[in-house]
Amino acid sequence: LLSRKIHCSEAVVYEEGGRTVCTVLVPENEAVLPALPQGASEVFGRPMMAVERMDTKKPGFAAVCLKQAPKYDVVFGAAGLPKAGNHRSGDSHSLIHLSADKFMLALCDGMGSGRLAQRESTLAVRLLEQFLRAGVRPENALRTLSSALALRGEDEIGFTTIDLLRLDLFPGEGDIYKYGAAPSYVKKGTAVSRVTGCALPAALAGGEGGAPDETHLNLEAGDCVLLISAG
């Protein structure tokens with residue numbers, strides 16, 4: 001690191017889930033230099049990325065946590081169209097990186113169409129994002145979400161299907177969770193497989209015994225996952 005003008009005074013190296021992790025103590029003005037992950041990558045012989053910068057009790061110094069970079073990344077997109085006669089679609093979606101190596105794709109289809117359906121699906125997507133960003137496990141987040149939707153007053157209760165794809169980009173593994181959602185499709189080369197479920201939509205499923213359907217995926221470079229609504 002010194003050859004790259006990075007003055008590292010301390011370093012702690014360990015493994016976490018099979019990944020190399022390194023925390024270094026460097027001067028504050030060097031904690032943001034691209035030479036830091038570049039140098040660490042050269043040291044460990046694998047791509048490293050800076051994931052967190054922390055203040056320290058040592059004046060003028062900062063601690064930087066570097067982790068082995070994920071093996072994969074994702075290219076994603078979305079397309080939709082409101083039902084004829086409506087200005088709003090009852091479907092809502094979210095495509096976000098939860099962290100440097102975790103990715104979430106969620107698709108919710110509110111029952112019916114138009115404004116009320118959009119309200120239900122948007123609420124479900126927003127709550128799901130908040131749960132997963134907070135580190136709640138997907139199956140627990142979905143059951144809590146279903147219970148919360150079911151506990152609202154009678155005038156507020158609506159139903160929404162939920163499709164959730166959560167990917168771990170380091171090993172290329174993922175899971176599809178479904179609450180009453182339409183089939184999903186996984187394309188590997190020229191082969192296409194279909195992912196289905198039998199769970200009821202969220203709110204109808206409730207929380208007790210209303211677990212979502214779960215399908216595990218092992219993905220590789222070039223694979224494509226397609227989530228669709230029934231609308």
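By convention here, the first residue in the shown sequence is residue 1. Since this is a predicted model, take the numbers as computed values, not measurements.
The pair Asp168-Lys102 counts as a salt bridge, with a side-chain nitrogen and a carboxylate oxygen less than 4.0 angstrom apart. A salt bridge does not link Lys67 to Glu52: none of the charged nitrogens lies less than 4.0 Å from a carboxylate oxygen.
Side chains of Ile162 and Leu142 form a contact here, defined as non-hydrogen atoms less than 4.5 Å apart. For the pair Val136 and Thr144, the minimum side-chain heavy-atom distance is 4.5 Å or more. For the pair Pro138 and Leu132, the minimum side-chain heavy-atom distance is below 4.5 Å. Looking at Leu217 and Leu165, their side chains come closer than 4.5 Å, going by heavy atoms from C-beta outward. Considering only heavy atoms from C-beta on, Cys8 stays 4.5 Å or farther from Leu25 through its side chain. Using a 4.5 Å heavy-atom cutoff, the side chains of Val195 and Val225 are not in contact. The shortest side-chain heavy-atom distance between Ser193 and Tyr185 does not fall under the 4.5 Å cut-off. Between Arg133 and Met104, the closest side-chain pair of non-hydrogen atoms is not below 4.5 Å.
Side-chain contact check for Asp91 and Ser121: no donor-acceptor pair (N or O, by modelled atom type) lies under 3.5 Å. Side-chain contact check for Arg46 and Thr20: at least one donor-acceptor pair (N or O, by modelled atom type) lies under 3.5 Å. Counted by atom type alone, Glu129 and Ser94 present one or more donor-acceptor pairs between their side chains at under 3.5 Å. A side-chain donor-acceptor contact under 3.5 Å links Thr122 and Ser92.
Checking side-chain atoms of Gln68 against main-chain N and O of Pro47 turns up no donor-acceptor pair under 3.5 Å. In this structure, Asn140 contributes its side chain and Arg137 its backbone to no donor-acceptor pair below 3.5 Å.
Closest of all the heavy-atom pairs between Tyr179 and Ala202 is CB-N, 3.8 Å. Residues Leu219 and Lys188 share a closest heavy-atom pair of CA-NZ, 4.0 Å. For the residue pair Ala100 and Pro70, the shortest heavy atom distance occurs at O-CG, 3.5 Å. Nearest heavy-atom pair across Ala124 and Leu145 is O-CD2, 3.7 Å. Minimum heavy-atom separation, His93 to Ala78: NE2-CB, 3.5 Å. In terms of heavy-atom proximity, Ala31 sits nearest to Val26 at CA-CG2, 3.9 Å.
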**Request:** Just do the side chain to side chain contact (heavy atoms under 4.5 Å, CB included) check on Thr161 and Met111 with the steps written out, would you?
**Result:** CA-CA 8 Å; Thr161 68; Met111 295 297 97; 3.5 Å; yes

**Request:** Output, in order, the C-alpha distance, side-chain angles, deciding distance and verdict of side chain to side chain contact (heavy atoms under 4.5 Å, CB included) for Leu169 and Val74.
**Result:** CA-CA 8 Å; Leu169 301 176; Val74 290; 3.8 Å; yes

**Item:** Test salt bridge (charged side-chain N to carboxylate O under 4.0 Å, His left out) applied to Asp55 and Arg53, step by step
**Value:** CA-CA 7 Å; Asp55 294 329; Arg53 179 188 182 280; 3.4 Å; yes

**Asked** After noting the C-alpha distance and the side-chain angles of Ile176 and Leu227, does the key distance pass the side chain to side chain contact (heavy atoms under 4.5 Å, CB included) rule?
**Response** CA-CA 9 Å; Ile176 292 180; Leu227 304 185; 4.3 Å; yes

**Item:** CA sep, side-chain torsions, deciding dist, call: Leu98, Arg166, side chain to side chain contact (heavy atoms under 4.5 Å, CB included)
**Value:** CA-CA 9 Å; Leu98 297 168; Arg166 186 178 180 276; 4.2 Å; yes

**Request:** Tell me, with the steps shown, if Glu42 and Arg4 meet salt bridge (charged side-chain N to carboxylate O under 4.0 Å, His left out).
**Result:** CA-CA 11 Å; Glu42 187 175 318; Arg4 295 174 180 266; 2.5 Å; yes

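Under the 4.5 Å side-chain heavy-atom criterion for Ile, Leu, Val, Met, Phe, Trp and Tyr, Val12 and Leu36 are members of distinct hydrophobic clusters. Two different hydrophobic clusters hold Leu105 and Tyr72 under the rule that ILVMFWY side chains link at heavy-atom gaps under 4.5 Å. Side-chain heavy atoms closer than 4.5 Å link hydrophobic residues (I, L, V, M, F, W, Y) into clusters, and following such links, possibly through other members, connects Phe131 to Leu149. Under a hydrophobic-cluster definition in which Ile, Leu, Val, Met, Phe, Trp and Tyr are linked whenever side-chain heavy atoms come within less than 4.5 Å, directly or via other members, Phe44 and Leu33 are assigned to the same cluster. At a threshold of 4.5 Å between side-chain heavy atoms, the hydrophobic network of Ile, Leu, Val, Met, Phe, Trp and Tyr places Phe170 and Ile96 in two separate groups.
Heavy atoms from other residues, nucleotides or ligands lying under 6.0 Å from CZ of Arg88 number 12 at most.
When each of Asp213, Asp163, Asp109 is checked for a salt bridge (Lys or Arg N to Asp or Glu O under 4.0 Å) with Lys178, only Asp163 meets the rule.
With rounding to the nearest 0.5 Å, the separation of OH in Tyr177 from CZ in Arg143 is 12.5 Å.
In this structure, Phe103 has its ring center closer than 6.0 angstrom to the ring center of Phe76.
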